[in-house]
Amino acid sequence: MKLDGFGIFVKDMPVMIRFYRDVLGFGIKEDENTENVFLEKDGTLFLLYRRTDFEKMTNRSFGYTDKINGHYEVALGVENYEAVDRAYEDALSKGAVSVLVPTTEPWGQRTCYIADPEGNVIEIGSFVQE
């Protein structure tokens with residue numbers, strides 16, 4: 001098996017589409033009221049599934065967390081340390097929630113964390129100092 005992509009189960013599809021499209025620059029072309037979003041971002045399939053639609057499809061109920069959660073992260077890479085700081089400030093100016101300010105870690109990565117409107121954690125990082 002090979003990893004093709006990943007998906008996020010969302011409560012409010014229009015809000016999440018606007019966040020990933022307008023704040024993070026994902027190429028989402030679907031209408032905000034679509035049931036599912038399937039897009040490729042830098043060679044990785046990225047999916048947004050409406051929670052209620054997935055539950056209906058599987059005929060099961062699932063438990064979801066509220067607020068900022070630590071179940072997983074979506075990791076985004078940028079070209080260098082300076083770009084980490086810019087991307088962080090840009091995301092915050094467009095409504096993202098800060099989880100960790102840009103920090104240079106002992107292993108040489110400049111990284112920061114933000115959260116999307118439903119609390120999913122997103123890392124923005126780079127190992128290139130320049």
Side-chain angles (χ1 to χ4, degrees):
M1 286 185 270
K2 74 177 188 92
L3 178 65
D4 281 335
F6 63 96
I8 297 175
F9 298 105
V10 305
K11 180 172 43 178
D12 190 332
M13 186 66 79
V15 166
M16 295 295 276
I17 285 175
R18 286 191 298 271
F19 180 84
Y20 282 91
R21 182 190 63 213
D22 302 340
V23 176
L24 296 181
F26 282 37
I28 298 172
K29 294 179 175 61
E30 281 87 3
D31 179 81
E32 291 182 3
N33 292 310
T34 190
E35 291 181 5
N36 298 313
V37 172
F38 297 83
L39 69 111
E40 190 173 307
K41 175 75 172 159
D42 303 321
T44 301
L45 185 62
F46 181 74
L47 312 158
L48 298 176
Y49 290 111
R50 185 176 282 125
R51 293 175 183 178
T52 54
D53 294 334
F54 188 72
E55 289 180 347
K56 183 178 177 183
M57 181 178 78
T58 60
N59 199 31
R60 298 180 75 153
S61 293
F62 296 93
Y64 301 100
T65 58
D66 288 325
K67 303 184 180 159
I68 296 175
N69 64 74
H71 288 265
Y72 60 85
E73 73 173 61
V74 175
L76 303 173
V78 293
E79 58 272 11
N80 57 40
Y81 282 17
E82 185 179 310
V84 171
D85 295 11
R86 280 194 320 268
Y88 173 82
E89 292 300 330
D90 184 55
L92 291 187
S93 75
K94 294 176 180 175
V97 174
S98 177
V99 175
L100 174 70
V101 299
T103 305
T104 302
E105 299 294 351
W107 52 85
Q109 181 187 27
R110 181 91 172 147
T111 189
C112 65
Y113 287 88
I114 59 172
D116 71 21
E118 294 188 6
N120 300 296
V121 176
I122 301 160
E123 176 185 24
I124 303 169
S126 179
F127 285 93
V128 180
Q129 193 167 7
E130 289 184 26

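Sequential numbering from 1 along the given sequence is applied to the chain's residues.
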Ile17 reachable from Leu47 in the ILVMFWY side-chain graph, under 4.5 Å edges | no
Minimum-distance pair of heavy atoms, taken over all atoms of Ile124 and Ala87 | CG2-CB, 3.9 Å
Applying salt bridge (charged side-chain N to carboxylate O under 4.0 Å, His left out), name anything that partners Glu123, two or more places apart in sequence or on another chain.
-> none
Applying side chain to side chain contact (heavy atoms under 4.5 Å, CB included), name anything that partners Glu105, two or more places apart in sequence or on another chain.
-> Leu100, Thr103, Trp107, Thr111
Quick one: side chain to side chain contact (heavy atoms under 4.5 Å, CB included) partners of Asn33, sequence neighbours excluded?
-> Pro14, Asp31
Can Phe9 be reached from Met16 by stepping across I, L, V, M, F, W or Y side chains whose heavy atoms are under 4.5 Å apart?
-> no
Calculate, to the nearest 0.5 Å, the distance between atoms CD1 and CD1 belonging to Ile122 and Ile8 respectively.
-> 6.5 Å
Ring pair (Phe, Tyr, Trp, His ring centres under 6.0 Å) filter on Phe19, not counting sequence neighbours, yields none
Salt bridge (Lys or Arg N to Asp or Glu O under 4.0 Å) partners of residues 52-67, not counting sequence neighbours, each pair once = Arg50-Asp53
Across all chains, not counting sequence neighbours, the side-chain hydrogen bond (donor to acceptor under 3.5 Å, both in side chains) partners of Asp22 are none
Side-chain (Asn80) to main-chain (Val128) donor-acceptor, under 3.5 angstrom = no
Can you list the other members of the hydrophobic cluster that holds Leu3, where links are side-chain heavy atoms under 4.5 angstrom apart?
-> none
Of all heavy-atom pairs between Gln109 and Phe127, which one has the smallest distance, and what is that distance?
-> CB-CE2, 3.3 Å
Taking all non-hydrogen atoms of both residues, which atom of Val23 and which atom of Ala96 are closest, and how far apart?
-> CG1-CB, 4.5 Å
With Leu24 as reference, evaluate Ile114, Asp116, Val74 under the side-chain contact (heavy atoms from CB on, under 4.5 Å) test and give the passing residue.
-> Ile114
Cluster partners of Met1, using ILVMFWY side-chain heavy atoms under 4.5 angstrom, listed by chain and number?
-> none
What residue pairs, at least two apart or across chains, pass salt bridge (Lys or Arg N to Asp or Glu O under 4.0 Å) with a residue in residues 5-19?
-> Arg18-Glu32
Hey, are the side chains of Val37 and Phe46 touching, using non-hydrogen atoms and a 4.5 Å cut-off?
-> no
Answer yes or no: is there a side-chain heavy-atom contact under 4.5 Å between Ser126 and Glu79?
-> no
Residues in salt bridge (charged side-chain N to carboxylate O under 4.0 Å, His left out) with Lys94, at least two apart?
-> Asp90
CD1 of Ile28 to OH of Tyr20: how many Å apart, nearest 0.5 Å?
-> 9.0 Å
Please collect all ring-ring contact (aromatic ring centres under 6.0 Å, His included) contacts where either partner lies in residues 59-91, sequence neighbours excluded, each pair once.
-> Phe54-Phe62
Tyr49 atom OH: more than 12 heavy-atom contacts under 6.0 Å = no
CG on Asp85 to CZ on Arg110, rounded to 0.5 Å | 4.0 Å
Spacing of CE belonging to Met13 relative to CD belonging to Glu30, to within rounding of 0.5 Å | 9.0 Å
Can you name the closest pair of heavy atoms from Val101 and Cys112 and give their distance?
-> C-CB, 3.9 Å
Taking atom CZ of Arg51 and atom OG of Ser61, what is their separation to the nearest 0.5 Å?
-> 12.5 Å
CD of Glu82: more than 12 outside heavy atoms within 6.0 angstrom?
-> no
For residues Val121 and Ile68, determine if any side-chain heavy atom of one lies less than 4.5 Å from a side-chain heavy atom of the other.
-> yes
dist Glu35:CD -> Leu48:CG (nearest 0.5 Å) comes out at 13.5 Å
Under the ring pair (Phe, Tyr, Trp, His ring centres under 6.0 Å) rule, collect the residues that match up with Tyr113, sequence neighbours excluded.
-> none
